[in-house]
2 protein chains.
Amino acid sequence: MQLNQATDYAFRAVLYLTRFGSEEVVNAQVIAEKEEIPMRFLLKIMRSLIKAGIVKSYRGVDGGYSLAKPPQDITLLDVLEAVEGPVKINRCLIEPEYCSKKWANHCPIHQVLNGIQSNLLNDLASCNFAQLTENI
Amino acid sequence: MQLNQATDYAFRAVLYLTRFGSEEVVNAQVIAEKEEIPMRFLLKIMRSLIKAGIVKSYRGVDGGYSLAKPPQDITLLDVLEAVEGPVKINRCLIEPEYCSKKWANHCPIHQVLNGIQSNLLNDLASCNFAQLTENI
DNA sequence: TTTAATGTATACTATATTTGTCTGGTTTTA
DNA sequence: TAAAACCAGACAAATATAGTATACATTAAA
């Protein structure tokens, strides 16, 4: 029931990029040093964020990264799902075959967890990176 | 960001016991078969639930388990924490030294995650096993 | 009082996941 | 063309998960 380290790094990397304009490019080494993220691991994480359309990358000399859209359009949920894939606090919520009882939607636990997960997703989706930078 | 299998099994085991009176003892094999939980694994999980005061055990012939308190006093959170330990959606929320930036409470991400976690704990704590059995 | 049916305790193991690293590219600018 | 960046995928170590095994303790009933 825990976010993984990669997600935590991703939050910080995106938050860092938020400080710069969408046109300003920051290279991986700077992000890695400032946010204390292992460089190679950061590169890998960034690729997930690119695939999700959260950041853009620029290759070659003076290359680096910048946000692919305004920070108010990037939520914690966006970043989380980019790194970890879809949230499912219980496997059965997405893969009913994993409930060995095959109760699927009739299972009362399933139903409650479903509601709890909805709230969680809602909370994560209602926090964007423009808000986050307001009170740094 | 996922409950583990043991927790899922624990939910089902407690839900199963809820069907029986507090004085009625159900043995592990019955629970394991009915809820399709690997027997030995169930025994291990039950010990966590015992330590947390959620179930009682009876040894010897005709031994087994029963709830240690009324189902309305057992929440999803109780069971979850009995099995997995305290919830921390991000390590930094409990162990600040894990934030390599040492921002601790000044970190805006930390603050937001803290709020999200509070909501989650609240949701988990507001669902008890008496409610869960109402609509089986 | 012995025996069988239980749970207890702890160590062990296999697998999956996490958290990276490594090697060898490709792209871009000067 | 050379250097500075990122890309892609394989690899690897550490940790966590999901169970299993062995030996033991307790209890009820014959």
Side-chain angles (χ1 to χ4, degrees), chain A residues 1-13 17 24-33 35-52 54-66 68 80 83-91 95 98-100, chain B residues 1-13 17 24-33 35-52 54-66 68 80 83-91 95 98-100:
Chain A
M1 207 52 189
Q2 194 173 335
L3 300 169
N4 63 32
Q5 187 64 48
T7 302
D8 192 44
Y9 288 153
F11 285 159
R12 285 196 249 160
L17 286 177
E24 202 165 341
V25 173
V26 184
N27 76 41
Q29 192 162 0
V30 170
I31 303 173
E33 276 169 16
E35 296 297 324
E36 302 184 49
I37 301 169
M39 169 75 170
R40 300 306 215 132
F41 198 26
L42 174 64
L43 287 170
K44 185 149 102 177
I45 294 165
M46 294 310 273
R47 289 203 295 276
S48 307
L49 297 177
I50 291 164
K51 243 198 284 188
I54 294 168
V55 305
K56 283 179 298 188
S57 72
Y58 301 87
R59 297 169 75 159
V61 176
D62 288 329
Y65 301 94
S66 64
L80 197 176
V83 176
E84 299 188 19
V87 172
K88 42 188 175 196
I89 62 175
N90 199 344
R91 289 189 299 187
E95 299 140 303
Y98 270 113
C99 177
S100 56
Chain B
M1 208 52 188
Q2 196 173 333
L3 299 170
N4 63 32
Q5 188 63 51
T7 301
D8 193 44
Y9 288 153
F11 284 160
R12 285 196 249 158
L17 287 177
E24 202 164 343
V25 173
V26 185
N27 76 41
Q29 191 162 0
V30 170
I31 303 173
E33 276 169 15
E35 296 297 325
E36 302 184 52
I37 302 168
M39 169 75 169
R40 298 309 216 139
F41 197 28
L42 174 64
L43 288 170
K44 185 149 103 177
I45 294 164
M46 294 310 274
R47 289 204 294 281
S48 306
L49 297 177
I50 290 165
K51 245 199 284 189
I54 293 168
V55 305
K56 283 179 297 187
S57 72
Y58 302 86
R59 298 169 76 163
V61 176
D62 289 329
Y65 301 94
S66 65
L80 197 175
V83 176
E84 299 189 19
V87 172
K88 43 189 174 194
I89 62 176
N90 199 342
R91 289 190 298 187
E95 299 140 304
Y98 271 112
C99 176
S100 57

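Keep in mind the model is a prediction, meaning the values are calculated, not measured. Side chains included, hydrogens not; waters and symmetry mates left out as well; all remaining heavy atoms used.
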*Toward the 5' end of DNA chain C, by each residue's nearest nucleotide, Tyr65(B) or Val61(B)*: Val61(B)
_Go nucleotide by nucleotide along DNA chain C from the 5' end; which of Val26(B) and Pro38(A) gets its closest nucleotide reached first?_
Val26(B)
Atom-pair distance ([atom1] on [X]; [atom2] on [N]), nearest Å:
{"X": "Gln5(A)", "N": "dT18(C)", "atom1": "CD", "atom2": "C1'", "result": "10 Å"}
{"X": "Leu42(A)", "N": "dC7(D)", "atom1": "CG", "atom2": "P", "result": "10 Å"}
{"X": "Asn27(B)", "N": "dG7(C)", "atom1": "CG", "atom2": "C1'", "result": "10 Å"}
{"X": "Leu49(A)", "N": "dC7(D)", "atom1": "CG", "atom2": "C1'", "result": "15 Å"}
{"X": "Phe41(B)", "N": "dT10(C)", "atom1": "CZ", "atom2": "C1'", "result": "15 Å"}
{"X": "Arg40(B)", "N": "dT13(C)", "atom1": "CZ", "atom2": "P", "result": "17 Å"}
{"X": "Leu17(B)", "N": "dG7(C)", "atom1": "CG", "atom2": "C1'", "result": "14 Å"}
{"X": "Lys56(A)", "N": "dC6(D)", "atom1": "NZ", "atom2": "C1'", "result": "16 Å"}

*Are Met39(B) and Gln29(B) side-chain neighbours, meaning at least one heavy-atom pair lies under 4.5 Å?*
yes
*After noting the C-alpha distance and the side-chain angles of Asp8(B) and Leu3(B), does the key distance pass the side-chain contact (heavy atoms from CB on, under 4.5 Å) rule?*
CA-CA 7 Å; Asp8(B) 193 44; Leu3(B) 299 170; over 6 Å; no
*Looking for any heavy atom pair under 4.0 Å, which part of the strands does Ile50(B) touch: base, sugar-phosphate only, or nothing?*
sugar-phosphate
_Classify Gly63(B) by what it touches in the nucleic acid, base, sugar-phosphate, or nothing, heavy-atom distance under 4.0 Å._
sugar-phosphate
*Mind checking the CD1-CG spacing from Ile31(A) to Leu43(A)? Nearest 0.5 Å is all I need.*
9.0 Å
*Could you state the interatomic distance from CG (Leu42(A)) to CZ (Arg12(A)), rounded to the nearest 0.5 Å?*
10.5 Å
_So, OP1 or OP2 of dG20(C): does either fall under 4.0 Å of a side-chain N or O from Tyr9(A)?_
yes
_Phosphate-side-chain proximity, Ser57(A) and dA5(D), N/O vs OP1/OP2 below 4.0 Å_ = no
*Quick one: the side chain of Arg59(A) and the base of dA5(D), do they pair up donor-acceptor inside 3.5 Å?*
no
*Most 5' of Arg47(A) and Leu3(B) on DNA chain D, judged by nearest nucleotide*: Arg47(A)
_Full working for side-chain contact (heavy atoms from CB on, under 4.5 Å) between Ile50(A) and Tyr65(A)_ = CA-CA 9 Å; Ile50(A) 291 164; Tyr65(A) 301 94; 3.8 Å; yes
